2 protein chains.
Amino acid sequence: MTSRAVRMTHSSEIPEEISGLRMTRQRQEIYRILIENRDHPTANEVFMLAKDALPNLSLATVYNCLEALVQHGIIRQVNFERESSRYCANLREHGHFHDAATGEIHDVDFKPGTDFSKFLNLPPGAVVEDIEITLRGKISTN
Amino acid sequence: MTSRAVRMTHSSEIPEEISGLRMTRQRQEIYRILIENRDHPTANEVFMLAKDALPNLSLATVYNCLEALVQHGIIRQVNFERESSRYCANLREHGHFHDAATGEIHDVDFKPGTDFSKFLNLPPGAVVEDIEITLRGKISTN
DNA sequence: ATCGGAATTGGAATAATTCTTGATATTGTT
DNA sequence: AACAATATCAAGAATTATTCCAATTCCGAT
């Protein structure tokens, strides 16, 4: 009873393979870190978090793994301004709110059934494949 | 009869000063290029376009000028993925549509009166200062 | 005309990411 | 199980956009 996309291993919660991508120890660990760590870490932050499980991991490998996971639609890459890329295991369609005061990034879900392109004057013939919504502001605590 | 924000020079269409920023020859030229050139050029593209009017302009100056213009709200900086920053003299609130096939970037106006934050589940207390909408797709010609 | 602060220049420095290469590991095939 | 083919990994070099820095140069106010 192996599902089409995912094959489970006996020893771990993370499958051996996800949507055609072989889940090596490095990829598993990096994916696990992103699942447990929802604050949109950078490649370097992932690298540091992974180091104690995989002491001789290299940063290049972190980049390779993140790239592979992104390419296979397993995680998302998030860019804000010209800062380092951040990575995110939340695959729901969502935007990001950047708290200018703390630097924190919060996921922002779209209210169900919202079609943003309805509110935009798109160029004629435009077919939208992807929409990215990023908000900047602060969180007032009063 | 000098207006508060803008003082005109006799020889050019571009004011000597805009919202408190002294418009030097370099800043004028760079601003002029962005007004005439609505395809969101990069700093380097601006540099090349400005070279014949200002032969000994340096790229660092282009970056300085663009930064000054952005800081004073005279132009906008636009980032897409991890590509070079692009610059844009269109100050209307708008998003960007990236044609994946041609690489072109089209401005996308918001339909009047649209409040996008109404369709987002923002974190409690969030005060939105800025919203950025970027679409990716292609333009079908049939 | 002079003085001081701002702007410009050119080159060096930085930082994130990508590339390269050789070593290892994994898979499919016999 | 052995082998070849392929994929992955590690380490460091290379790249690219951007920023920094120090030395002029420019401009406006006195």
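The sequence lines fix the lettering, A, B, ..., with proteins before strands; numbering per chain opens at 1. Values in this document were obtained by computation on a predicted structure and should not be read as measured data.
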Which residues within residues 60-73 of chain A lie with some heavy atom under 4.0 Å of an atom in DNA chain D?
A:Ala60, A:Thr61, A:Cys65
Using nucleotides 23-26 of chain D, report all nitrogen or oxygen pairs with the protein that are shorter than 3.5 Å.
none

Would you check if [X] and [Y] make a side-chain contact, meaning some heavy-atom pair closer than 4.5 Å?
X: B:Asn79; Y: A:Asn79; result: no
X: A:Leu54; Y: A:Gln26; result: yes
X: A:Leu120; Y: B:Thr114; result: no
X: A:Ser84; Y: A:Asn44; result: no
X: A:Glu45; Y: A:Thr42; result: yes
X: A:Phe116; Y: B:Leu135; result: no

Main-chain N/O of A:Glu83 paired with B:Arg82 side-chain donor or acceptor, under 3.5 Å:
yes
Between the main-chain N or O of B:Leu69 and the side-chain N or O of B:Arg27, is there a donor-acceptor pair closer than 3.5 Å?
no
Distance in angstrom units between [X] [atom1] and [N] [atom2], rounded:
X: A:Gln28; N: C:dT26; atom1: CD; atom2: C1'; answer: 14 Å
X: B:Glu29; N: C:dA7; atom1: CD; atom2: P; answer: 18 Å
X: A:Leu21; N: D:dC9; atom1: CG; atom2: P; answer: 9 Å
X: B:Glu17; N: D:dG28; atom1: CD; atom2: C1'; answer: 12 Å
X: B:Met23; N: C:dT8; atom1: CE; atom2: C1'; answer: 15 Å
X: A:Arg27; N: C:dA25; atom1: CZ; atom2: C1'; answer: 12 Å
X: A:Asn79; N: C:dA16; atom1: CG; atom2: P; answer: 13 Å
X: B:Phe80; N: D:dA17; atom1: CZ; atom2: P; answer: 16 Å

Both B:Arg25 and B:Ser85 contact DNA chain D. Which one's nearest nucleotide lies toward the 5' end?
B:Ser85
Nearest to the side chain of [X], heavy atoms from C-beta on, is which of [options]?
X: B:Asn56; options: D:dA10, C:dG10, D:dT18; value: C:dG10
X: B:Thr24; options: C:dT8, D:dT18, D:dA10; value: C:dT8
X: A:Ser58; options: C:dA16, D:dA11, C:dT9; value: D:dA11

The bend of the helix from C:dA1-D:dT30 to C:dT30-D:dA1, taken between the axes of its five terminal pairs at each end and rounded to 10°, is 30°
From B:Asn90 atom CG to B:Asp109 atom CG, the distance as rounded to the nearest 0.5 Å:
6.5 Å
Base, sugar-phosphate alone, or nothing: which one does B:Gln26 contact when heavy atoms must sit under 4.0 Å apart?
sugar-phosphate
Considering only heavy atoms, which members of residues 39-51 of chain B lie under 4.0 Å from some atom of DNA chain C?
none
Ion pair A:Glu132/B:Arg136, N-O distance below 4.0 Å
no
If a pair satisfies ring pair (Phe, Tyr, Trp, His ring centres under 6.0 Å) and one of its residues is in residues 69-91 of chain A, list it, with sequence neighbours excluded.
A:Phe80-A:His98
Residues pairing under ring pair (Phe, Tyr, Trp, His ring centres under 6.0 Å) where one sits in residues 40-71 of chain A, two or more places apart or in two chains, turn out to be A:His40-A:His96
Crowded around B:Arg38 CZ? As in, over 12 foreign heavy atoms under 6.0 Å?
yes
Determine whether A:Phe110 and A:Ile133 satisfy the following criterion, side chain to side chain contact (heavy atoms under 4.5 Å, CB included), listing intermediate values before the conclusion.
CA-CA 10 Å; A:Phe110 302 164; A:Ile133 298 192; 4.3 Å; yes
